[in-house]
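For reference, the structure discussed in these notes is given below.
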Amino acid sequence: QVRVVESGGGLVQPGGSLQLSCTASGSVFNIYPMGWYRQAPGKERERVAIIFTSGLTNYAASVKGRFTISGDSAKNTVYLQMNSLKPEDTAVYYCNNPGATTWGQGTQVTVSS
């Protein structure tokens, strides 16, 4: 199935911004829905955003209004723009198609003063 590499994480202060990138090994954008997920220590993995093949997007309530998912089909890349970051956004972030059973390395996002 789709193979992806996530990048763009790092350490940021509360209120700051980061943009995460998810690059696929093949042409998947506009073919598969793609989502961003996160897993914080001691918590279950949760989906925070998804973009469907139609272009429709959906967000978890916890990030709605702060995060934006988008894609660049020419680059076969999905992005997650993260604004107004909060400490509770700290997690490892992954991208994948919904229902996937295997996961990549993810990228660490740490929001701290």
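In this structure, the side chain of Thr53 does not engage the main chain of Ile31 through any donor-acceptor pair within 3.5 Å. Side-chain atoms of Tyr32 do not come within 3.5 Å of backbone N or O of Asn96 as any donor-acceptor pair. Formation of a donor-acceptor pair under 3.5 Å by the Glu6 side chain with backbone atoms of Tyr94 is not found in this model.
Ring geometry, Tyr93 versus Phe67: the interplanar angle falls from 30° to 60°, so the pair is classed tilted.
Interatomic distance, CZ of Arg3 versus OG1 of Thr23, reported as 13.5 Å (0.5 Å rounding).
The 12-atom threshold is exceeded at CD of Glu46, counting heavy atoms of other residues, nucleotides or ligands nearer than 6.0 Å.
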>> Could you walk me through whether Thr90 and Thr110 satisfy the side chain to side chain donor-acceptor pair (under 3.5 Å) test, starting with their C-alpha distance in whole Å, then the side-chain angles of each, then the deciding distance to 0.1 Å, before giving a yes or no?
In response: CA-CA 5 Å; Thr90 296; Thr110 303; 5.3 Å; no

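Not a single salt bridge (charged side-chain N to carboxylate O under 4.0 Å, His left out) links Arg47 to another residue, sequence neighbours left out.
In terms of heavy atoms, Leu80 sits closest to Ala49 at CD1-CB, 4.1 Å. When all heavy atoms are compared, the tightest approach of Gly71 to Tyr79 is CA-CD1, 4.5 Å.
Contact annotation: the side chain of Met34 approaches that of Val4 to within less than 4.5 Å [non-hydrogen atoms, C-beta and beyond].
Judged as a salt bridge (Lys or Arg N to Asp or Glu O under 4.0 Å), the pairs with a partner in residues 69-91 (not counting sequence neighbours) are, in order, Arg38-Asp89, Arg66-Asp89.
Side-chain contact annotation: Ser7 with Thr107, donor-acceptor N/O pair under 3.5 Å absent.
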